[in-house]
Amino acid sequence: TTSGSYGIIAGNDAATPSTTGGADNDYVVIEENTIQRAYYGIYANGTSSVNAGGLDVWQISNNIIGPASSGTNNIGAAGIYMQNAAYIQISANLIRNVNTSASSNIGGIYLAANVMTLVVSQNTINAVTSSASSSGINSINGLYFGNSIMFATVTFNTISGIYNTNSSGYGARGIIVNTGNTLGNITVNNNMISDIVSYSDASAIYWPIGISVDGSANNDFNSVNLFGSQTGRSAATGAAALYQNATGGNIRIRNNILANSYDNTTSSTDISYALYSAASATNISAMNYNNYYVGGNASSLILAYQGAAQN
C-alpha cells in the first residue's frame, strides 16, 4: 500500500492534508467504518499534548481496518496512529492484515506520544507482518504506547499473529509499553496475546516477546502464549512471554499466565523464558500469583529471569 495514503486523517488542515499536527479537532466519533488499502487506516495528530491544540474526547470504535485476506487491500503501516491527544477511547475495532516494510511508526494500534487519559479495550488485532530491519521499541507490534502516554487502561484486547519475516533477525512484540516513565499510570490487564514470531538473535531487542515494558506499568491478569517450531537464526536466540526492561519503578506483575514453548529450530542455543526482568528487584513493587510455563524443544527452558535464572 502506497506511503502517504490514509483512510481517515486528522492532521494539518490545508489544501493538501498532511500528518503535521493540525487543527484542534475535539469531540470526534469514528465508528463502524470499513477501511482498506491505506498506509494508515486512521491517522490523528494534534498540535500539542495539552488541551489547547490537542485532540480532545475522541471515540474510535467498531471499525474494521484491513481486509479479511492478505493481498492488495492490506494496510501498509498501522491500523490506527495517534499522538497529541487526551480523553481517548479506542474500543472494539478489528485490525487485520497490516503488512509493512517500514521500520518505524508501525503496528496494529500505534500511540506515538503525548496521549493522556485513554482506554484501549476489546480490540482484535491479528496478522500484522513486517519485513523491516526494525527491533526493540521499533519492532512490529500489535499495540504500541510511546513517550508520555499516561493514565492509560489497556484491557480485554486480543492480539495474535505478529510476525517479523526478516531473516537477518529482527523483533516482534504483542504489546510495547515504551513510556520510559516511572509514574505513567499504565495498566495492562486481561489481554490475550499469542503467536508472536521473529527470526530472533542474541540480544533481547530482536526477540519475539508477548508484552515488552520499558518504563513502569501494572501488568495483571494477562494471558500470553508463545509457541511453535519456528525457523530462526543459527546463533543464540531468545523468546519471552513478558519482558521488563531495566528502566522503570513501581512495577507490578501479578496474576498473569505466561507460557512459552517457542522453539527456534535452526539454533542449538536458543532460550525460552516465561518472564525476563532486567529491572532491579527494588523497582518491582509486586510480582505475585503468576503462572509460569516453559516447554517445547528449545535448548534452554527458564521459567523466570530476575538477576539470575529462576527455575
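When reading the values below, keep in mind they use all heavy atoms of this one structure, side chains included, and skip hydrogens, waters and symmetry mates. The residues of the chain are indexed from 1 along the displayed sequence.
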May I have the step-by-step check of side-chain hydrogen bond (donor to acceptor under 3.5 Å, both in side chains) for Asn178 and Tyr144, ending in yes or no? CA-CA 8 Å; Asn178 181 42; Tyr144 177 90; 3.0 Å; yes
Close side-chain approach of Thr179 and Asn147, heavy atoms under 4.5 Å: no
Check whether any side-chain N or O of Asn185 sits under 3.5 Å from a backbone N or O of Phe151 as a donor-acceptor pair, and report yes or no. no
Could you check whether Thr282 and Ser280, counting side-chain N and O atoms only, form a donor-acceptor pair closer than 3.5 Å? yes
Gap separating the OG1 atom of Thr158 from the CG atom of Asn123, nearest 0.5 angstrom: 9.0 Å
Which pair of non-hydrogen atoms, one from Ser229 and one from Thr265, has the smallest distance, and what is that distance? CB-CG2, 3.6 Å
Kindly indicate whether the side chain of Pro208, heavy atoms from C-beta on, has any atom under 4.5 Å from the side chain of Tyr262. yes
Beyond-backbone contact of Ser212 with Asn245, side-chain heavy atoms, under 4.5 angstrom: no
Under a single-linkage definition using a 4.5 Å side-chain heavy-atom cutoff for Ile, Leu, Val, Met, Phe, Trp and Tyr, are Val98 and Tyr170 assigned to the same hydrophobic cluster? no
Test Gln83 against Asn45 for side-chain hydrogen bond (donor to acceptor under 3.5 Å, both in side chains), laying out the working first. CA-CA 5 Å; Gln83 67 176 7; Asn45 184 10; 3.3 Å; yes
Say whether, by atom type as modelled, one donor and one acceptor occur between the side chain of Gln306 and the main chain of Ala279 under 3.5 angstrom. yes
With a 3.5 Å cut-off and no angle check, do the side chains of Ser299 and Asp270 form a donor-acceptor pair? yes
Val197 with Met192, same ILVMFWY side-chain cluster at under 4.5 Å: no
Which heavy atom of Ile90 sits nearest to which heavy atom of Ile80, and what is that distance? CG2-CD1, 3.8 Å
Between Thr237 and Asn264, is there a side-chain donor-acceptor contact under 3.5 Å, judged purely by atom types and distance? yes
Nearest heavy-atom contact between Ile159 and Gly174 is CD1-O, 3.8 Å
According to a hydrophobic-cluster definition based on side-chain heavy atoms being under 4.5 Å apart (Ile, Leu, Val, Met, Phe, Trp, Tyr only), do Val213 and Ile284 belong together? yes
Looking at side-chain heavy atoms only, is the closest gap between Ile109 and Ile95 below 4.5 Å? yes
How far does CG of Leu226 sit from CD1 of Ile196, to the nearest 0.5 angstrom? 6.0 Å
Derivation and outcome, side-chain contact (heavy atoms from CB on, under 4.5 Å), residues Val154 and Leu143: CA-CA 9 Å; Val154 185; Leu143 291 173; 3.8 Å; yes
Apart from Trp207 itself, which Ile, Leu, Val, Met, Phe, Trp or Tyr residues share its cluster (side-chain heavy atoms under 4.5 Å, direct or through members)? Ile209, Tyr243, Ile271, Tyr273, Tyr276, Ile302, Tyr305
Side chain Gln230, main chain Phe227, donor-acceptor under 3.5 Å: yes
Flag for Ser91-Gln122: side-chain donor and acceptor within less than 3.5 Å: no
Do the side chains of Ile251 and Phe145 join up, straight or via other hydrophobic residues, at under 4.5 Å, putting them in one cluster? yes
Test your reading of the model: is there a side-chain donor-acceptor pair from Asp201 to the backbone of Ser203, 3.5 Å cut-off? no
I'd like to know if the side chain of Asn191 and the backbone of Asn157 have a donor-acceptor N/O pair within less than 3.5 Å. yes
Would you compute the distance between atom CD1 of Ile257 and atom CG of Asn290 and round it to the nearest 0.5 angstrom? 9.5 Å
Just by distance, with hydrogens left out, do Asn141 and Tyr110 show a side-chain donor and acceptor under 3.5 Å apart? no
Angle between ring planes, Tyr81 versus Tyr43, binned at 30° and 60°: parallel, tilted or perpendicular? parallel
Could you grab the distance from atom OG1 of Thr100 to atom CD1 of Ile75, nearest 0.5 Å is fine? 11.0 Å
So if I apply the side chain to side chain contact (heavy atoms under 4.5 Å, CB included) rule between Leu275 and each of Asn260, Ile253, Asn256, Val294, which one comes out positive? Ile253
Does the side chain of Asn291 come within less than 4.5 Å of Leu258's, by heavy atoms? no
Smallest separation among heavy atoms of Ala102 and Ala132, with atom names: O-CB, 3.0 Å
Using modelled atom types and a 3.5 Å cut-off, is there a donor and acceptor pairing between side-chain atoms of Asn74 and backbone atoms of Asn99? no
Does the side chain of Val115 reach to within under 4.5 Å of the side chain of Asn84, using non-hydrogen atoms? no
Cluster link Leu303 to Leu242, ILVMFWY, side chain under 4.5 Å: yes
Side-chain donor or acceptor of Asn93 paired with backbone N/O of Ile60 under 3.5 Å: yes
Would you say Asn63 and Asn33 are linked by a side-chain donor-acceptor pair, where the criterion is simply a distance under 3.5 Å? yes
side-chain contact (heavy atoms from CB on, under 4.5 Å) between Val188 and Val177, intermediate numbers included: CA-CA 9 Å; Val188 180; Val177 178; 4.2 Å; yes
Using the rule given for side-chain contact (heavy atoms from CB on, under 4.5 Å), can you reason through Ile193 versus Ile175, listing the C-alpha separation, both sets of side-chain angles and the distance that settles it, and then say yes or no? CA-CA 8 Å; Ile193 302 163; Ile175 296 176; 3.7 Å; yes
Check: Asn255/Asp220 side-chain N/O donor and acceptor closer than 3.5 Å: no
If you measure from CG on Asn219 to CD1 on Ile186, what distance do you get to the nearest 0.5 Å? 10.5 Å
Side-chain H-bond candidate by donor/acceptor type, Asn189 with Thr155, under 3.5 Å: yes
Under 4.5 Å between any side-chain heavy atoms of Val128 and Tyr163, yes or no? no
Can you tell me how far CG of Asn218 sits from CG of Asn250, rounded to the nearest 0.5 angstrom? 8.5 Å
Main-chain N/O of Gly66 paired to Arg96 side chain as donor or acceptor, under 3.5 Å: yes
Distance-only, no hydrogens or angles: does the Ser267 side chain make a donor-acceptor pair with backbone N or O of Ala235 under 3.5 Å? yes
For Ser104 versus Asn138, what's the shortest heavy-atom pair and its separation? CB-OD1, 4.4 Å
What are the two closest heavy atoms between Asn114 and Ile149, and how far apart are they? N-CD1, 3.9 Å
Could you tell me whether the side chain of Ser69 reaches within less than 4.5 Å of the side chain of Pro67, counting heavy atoms only? no
Is Gln59 reaching over with its side chain to a backbone N or O of Val57, donor-acceptor style, under 3.5 angstrom? no
Stepwise, does the side-chain contact (heavy atoms from CB on, under 4.5 Å) test hold for Met82 with Trp58? CA-CA 11 Å; Met82 177 173 278; Trp58 277 52; 3.8 Å; yes
